[in-house]
Amino acid sequence: MPRSLSKKEERKGARLQLAITVFVRTRDGNGKDSLEFATAINVSPGGALVVVRRSLPKSALVSLEIPSAPIEPTNGLKTPSRIMQAKAVWVTHLDDYHLLGLKFARPLRTDAPAVSGKHLRKAGSAV
């Protein structure tokens, strides 16, 4: 008899417990765009848990953008994902903020090759 899987066992990738600054872009039912500075408090290849101030409905479509310096592809490495499309699959409303459980429209890739040491070099010192 097959046993049922726990939520943790169903997950396709491990959660990384990181606080990452993100911009959350949404569009309301009237077509009005909003942009909020928020924090992702954990991320997995399939989604993220994000803390926001503005209440969003379950099933809200959002765009998460990780602010970073523009990085060009070098030595065969692809530019890292900075913008991810997602959908709120659950929302918890607390006093001053809201927790959004987001599912990415496309899972993040976890098979990217690691940067080899030969592609890295020490920065020269200005002193």
Side-chain angles (χ1 to χ4, degrees):
M1 177 173 185
R3 67 180 177 94
S4 63
L5 295 175
S6 71
K7 288 288 183 189
K8 188 173 185 177
E9 291 171 319
E10 289 178 20
R11 191 169 310 283
K12 292 185 168 96
R15 283 186 180 155
L16 298 175
Q17 303 294 325
L18 299 171
I20 301 171
T21 302
V22 294
F23 289 108
V24 177
R25 294 180 188 274
T26 59
R27 180 172 287 157
D28 68 15
N30 297 324
K32 183 179 176 187
D33 291 332
S34 70
L35 175 66
E36 181 175 349
F37 195 59
T39 302
I41 57 176
N42 74 45
V43 179
S44 74
L49 176 58
V50 179
V51 180
V52 294
R53 292 232 179 244
R54 170 179 280 190
S55 177
L56 294 172
K58 184 177 171 184
S59 80
L61 298 177
V62 302
S63 175
L64 290 183
E65 181 174 350
I66 300 172
S68 66
I71 300 171
E72 296 297 322
T74 58
N75 298 325
L77 297 176
K78 294 184 178 184
T79 303
S81 296
R82 289 183 45 216
I83 300 174
M84 289 124 341
Q85 304 303 316
K87 178 180 179 180
V89 292
W90 61 264
V91 179
T92 298
H93 304 283
L94 302 169
D95 291 336
D96 295 330
Y97 56 93
H98 310 276
L99 299 174
L100 295 178
L102 299 177
K103 180 178 180 181
F104 295 139
R106 290 187 317 191
L108 301 179
R109 288 190 49 210
T110 58
D111 60 351
V115 178
S116 72
K118 69 180 181 180
H119 295 299
L120 301 177
R121 63 183 145 125
K122 290 184 179 179
S125 174
V127 198

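Ring geometry, F37 versus F23: the interplanar angle falls from 30° to 60°, so the pair is classed tilted.
Between M84 and S63, the closest side-chain pair of non-hydrogen atoms is not below 4.5 Å. The shortest distance between side-chain heavy atoms of I20 and T39 does not fall below 4.5 Å. A heavy-atom distance below 4.5 Å is not found between the side chains of V50 and I41. Residues L94 and L99 meet the side-chain proximity criterion, which asks for heavy atoms closer than 4.5 Å.
Nearest heavy atom pair, residue F104 against residue A48, reads CZ-CB, 4.0 Å. The minimum heavy-atom distance between P57 and A88, with the atom names listed, is O-CB, 3.9 Å. Scanning all heavy atoms of the two residues, the minimum distance from V89 to K58 falls at O-CE, 3.0 Å. H93 approaches V91 most closely through the heavy-atom pair CE1-CG1, 3.4 Å. Considering all non-hydrogen atoms of both residues, V24 and A38 come closest at CG2-CB, 3.8 Å. In plain terms, the two heavy atoms of A40 and V22 that are nearest each other are N-CG2, 4.1 Å.
Grouping the Ile, Leu, Val, Met, Phe, Trp and Tyr side chains by contacts below 4.5 angstrom, directly or via other members, places L108 with L18. In terms of hydrophobic clustering, with Ile, Leu, Val, Met, Phe, Trp and Tyr side chains grouped at heavy-atom distances under 4.5 Å, I66 and L102 are assigned to a common cluster.
The distance from the OG atom of S44 to the NZ atom of K103 is 10.5 Å, given to the nearest 0.5 Å. In this structure, CG on L56 lies 5.0 Å from OG1 on T26, to the nearest 0.5 angstrom. Separation of atoms CD (E65) and CG (L35) is listed at 8.5 Å; rounding is to 0.5 Å. The distance from the CG atom of L49 to the CZ atom of R15 is 7.0 Å, given to the nearest 0.5 Å.
The closest donor-acceptor contact from the side chain of R53 to the backbone of D96 lies under 3.5 Å. Remark: side-chain polar atoms of D28 are paired, donor with acceptor, to backbone N or O of N30 under 3.5 angstrom.
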Would you please test R25 and S34 for side-chain hydrogen bond (donor to acceptor under 3.5 Å, both in side chains) and show each step? CA-CA 6 Å; R25 294 180 188 274; S34 70; over 6 Å; no
